[in-house]
Amino acid sequence: MAEVTRRGVLAGAAAIGGTAAAAAAQGVTAPAALAAPMDGPPPPAPVTVAPGDPRYRSLTHRGYNARFVGKPDYVRVVNTSAQVVGAVRQAVREGKRIAVRSGGHCFENFVDDPSVRVVIDLSPMRAVSYDARRRAFAVEPGALLGEVYRTLFLGWGVTIPAGATAEVGVGGHVLGGGYGSLSRRYGLSVDHLHAVEVVVVDASGKVSAVVATRDPADPNHDLWWAHTGGGGGNFGIVTRYWFRDPAAKGSDPAHLLPRAPEAVTTFYATWSWKDLDQRSFSGLVRNHGTWHEHDSAPHSPYAGLFSVLMLNSRRAGTVSLVGHLDSTGEGARRLIDDYVAAVGRGVGARPDRGQEEEPWLQSEAAVQETAPASFKAKAAYLRKRFTDRQITAVHDHLSSETDGDVDGSLWLVSYGGKVNTVPAGATAVAQRDSILKAVYMNSWEARRGNPEACLAWVRDLYRSVYADSGGVPVPGTVSDGSFINYPDTDLADPALNTSGTAWHTLYYKDNYPRLQRVKARWDPRDEFRHALSVRPPE
């Protein structure tokens, strides 16, 4: 095989994995004083960068999806919560539309929409520390996941279950739910969210920072709840997160979040397309889905498994299963061998295999800046494996010889486990009985390929898979809507979503009315909005 390293795949998976509309954050508890500043020297003053400034191009091209580049009147680079308050206050006073960027991994143009006149850049806000007063770990939104993992692990031996891509920023990732390689073992990042600090704008235009907590007695508890999967760009700007396991006791920080693994066993299995016909391809996909139906319970011996079945187009040459198990030794190798054997049972073709052990920190925390690329991604939750009709649709699209230079993929990412032990209404993440996430994608170089053909290819694949439900994954026996951290404006287009099911139902299900009530209270002027933002109630 053209070697597929686990880091290579998962780096891509992360791009698609737990990132999000890093656009803007939400709002929280009753107006309160700003959280205590981090220790250290005074922060730099905020910087305003306008067209003509040599920094402007760099700041407006930070978006991970190169399809979109904004032209705001200026970018305000901030370092503290107080500076965010000042930046929002000025934009509101000027009547300018606001967007926010932290890591920059938004899949749609929520930050780069032409109507956005001010971008507030949170990337310098990267502090990670232990807050003894709250008995929780404080993380600023500009911190990259790799930085968070490294600081928590080296300082206290703990971690949060978040994305598999180290270069994703915390800011938008957490707001959409935040999942990754430890989620089957420990749940979502929002399941460990203790509090948030949010800059909000009231009905009179007054700007303030408030703190909201997990405590049900907190008068701003609903604002905390909205940040546990409501997505970015809806209620305000999150300037700090606090994390603590809700079941943790005491004040020893080494026991307030899950312990990080010492090491992991990574693996890959790759099948050549030339060895796969429709029967063998269908068997592979069917086996993979059936395995996840049977082995996604929270106490399964496979709770520590994270994998991605990468169904690449025939032009790519291979189909790959990659991932890791959060343990090492003979027992881990045996579990992985049994897993790969179950996926390949009866397929006929033998895969190229590889696996190795590596320390957890090296596996998870290596930040490798990826250059922006033009792409389109679409997503869905799976409660059960694809139906045979759906598998045939996937095969027909991926194996087609008539698509020219189009080179798309469908990734099936492991899910479930501890994630599914949380009630659907306990957080804003409503999908709590799924076993897989499906990510449909296509990318192209700016100077090569045909963007229209690439967009049409991924849309046609998606529409074909969900042909029985109006072209979208309507919640039902097999599907359960889509993931707001992989936003897809097509779901709000009646020409592409003919299901009669609203886009917000696909993302939030029965949680949407509560999100609207939070919106009405904390962003009554609708200052924070984008193509898929929570709408104020009628």
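The residues of the chain are indexed from 1 along the displayed sequence.
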inquiry  = Run F306 and L182 through side chain to side chain contact (heavy atoms under 4.5 Å, CB included) and show every step you take.
reply    = CA-CA 7 Å; F306 179 75; L182 291 176; over 6 Å; no

Can we say [X] and [Y] salt-bridge, meaning some charged N sits less than 4.0 Å from an Asp/Glu carboxylate O?
| X | Y | value |
| --- | --- | --- |
| D460 | R463 | yes |
| D277 | K274 | no |
| D275 | R350 | no |
| D326 | R259 | no |

ask   = Has K384 got more than 12 heavy atoms of other residues, nucleotides or ligands less than 6.0 Å from its NZ?
value = no

query = Would one find more than 12 heavy atoms of other residues, nucleotides or ligands at under 6.0 Å from atom CG of D510?
reply = no

Has the side chain of [X] got a donor or acceptor atom that lies under 3.5 Å from a matching backbone atom of [Y]?
| X | Y | answer |
| --- | --- | --- |
| Y462 | W457 | no |
| R214 | W224 | no |
| S320 | T270 | no |
| N65 | F107 | yes |
| D493 | N497 | no |
| S479 | G481 | no |
| T265 | S327 | yes |
| Y241 | L193 | no |
| S499 | G470 | no |
| R383 | G476 | yes |

Within a strict 4.5 Å, meaning less than it, do heavy atoms of the [X] and [Y] side chains meet?
| X | Y | result |
| --- | --- | --- |
| I336 | Q355 | yes |
| L311 | W411 | no |
| V319 | L309 | yes |
| E358 | L361 | no |
| V111 | F68 | no |
| T318 | W273 | no |
| V308 | V439 | no |
| V174 | V190 | yes |

To the nearest 0.5 Å, how far apart are [atom1] in [X] and [atom2] in [Y]?
| X | Y | atom1 | atom2 | answer |
| --- | --- | --- | --- | --- |
| S443 | D407 | OG | CG | 7.5 Å |
| I435 | E293 | CD1 | CD | 5.0 Å |
| L335 | L305 | CG | CG | 9.0 Å |
| T489 | N109 | OG1 | CG | 7.0 Å |
| S307 | W291 | OG | CH2 | 6.5 Å |
| F386 | S282 | CZ | OG | 12.0 Å |

query = When you look at D337 and R353, which way does the salt bridge (Lys or Arg N to Asp or Glu O under 4.0 Å) test go after all the steps?
reply = CA-CA 10 Å; D337 287 345; R353 288 283 313 277; 3.0 Å; yes

ask   = For D112 and R67, what are the C-alpha separation, side-chain angles and deciding distance, and is it a salt bridge (Lys or Arg N to Asp or Glu O under 4.0 Å)?
value = CA-CA 10 Å; D112 298 310; R67 285 175 62 200; over 6 Å; no

query = When you check the side-chain N and O atoms of R101 and S123, is any donor under 3.5 Å from an acceptor?
reply = no

task = Ignoring hydrogens and angles, state whether a donor on the side chain of R333 or T328 is under 3.5 Å from an acceptor on the partner side chain.
result = no

inquiry  = Consider side-chain contact (heavy atoms from CB on, under 4.5 Å). Of V478, V465, T392, which one does T387 pass it with?
reply    = V478

key: Working for ring-ring contact (aromatic ring centres under 6.0 Å, His included), residues F483 and Y179   = CA-CA 11 Å; F483 179 42; Y179 84 100; 5.6 Å; yes

request  = Any chance you could lay out the side chain to side chain contact (heavy atoms under 4.5 Å, CB included) test for L321 and M310, step after step, and finish with the verdict?
outcome  = CA-CA 6 Å; L321 179 66; M310 304 172 66; over 6 Å; no

Measure across [X] and [Y] and return the closest heavy-atom pair with its distance rounded to 0.1 Å.
| X | Y | result |
| --- | --- | --- |
| N287 | R345 | ND2-O, 2.8 Å |
| H324 | S363 | ND1-OG, 4.2 Å |
| Y466 | A380 | OH-CB, 3.0 Å |
| S300 | D295 | OG-O, 3.7 Å |
| A166 | E364 | CB-O, 3.5 Å |
| H292 | S414 | NE2-CB, 3.4 Å |

request  = Please say whether the positively charged group of K378, taken as NZ for Lys or CZ for Arg, lies over the ring of Y440, i.e. under 6.0 angstrom from the six-membered ring centre and within 45 degrees of the axis.
outcome  = no

When the side chains of residues 415-424 are checked against the rest of the protein, which donor-acceptor pairs come out under 3.5 Å, sequence neighbours left out?
unit_1 : atom_1 : unit_2 : atom_2 : d
N420   : OD1    : D433   : N      : 3.4
N420   : ND2    : S434   : O      : 2.8
T421   : OG1    : K418   : O      : 2.7

message = Using ring centroids (six-membered ring only for Trp), state whether Y512 and H504 fall under 6.0 Å.
response = yes

ask   = Does H395 have its ring centroid less than 6.0 Å away from the ring centroid of F281?
value = yes

Option from Y64, W444, Y486 for which ring-ring contact (aromatic ring centres under 6.0 Å, His included) with F375 holds = Y64

ask   = Where do R432 and L188 land on the side chain to side chain contact (heavy atoms under 4.5 Å, CB included) test, with the steps shown first?
value = CA-CA 10 Å; R432 290 291 187 167; L188 304 178; 3.7 Å; yes

Full working for side chain to side chain contact (heavy atoms under 4.5 Å, CB included) between W503 and D488 = CA-CA 9 Å; W503 66 267; D488 175 14; over 6 Å; no

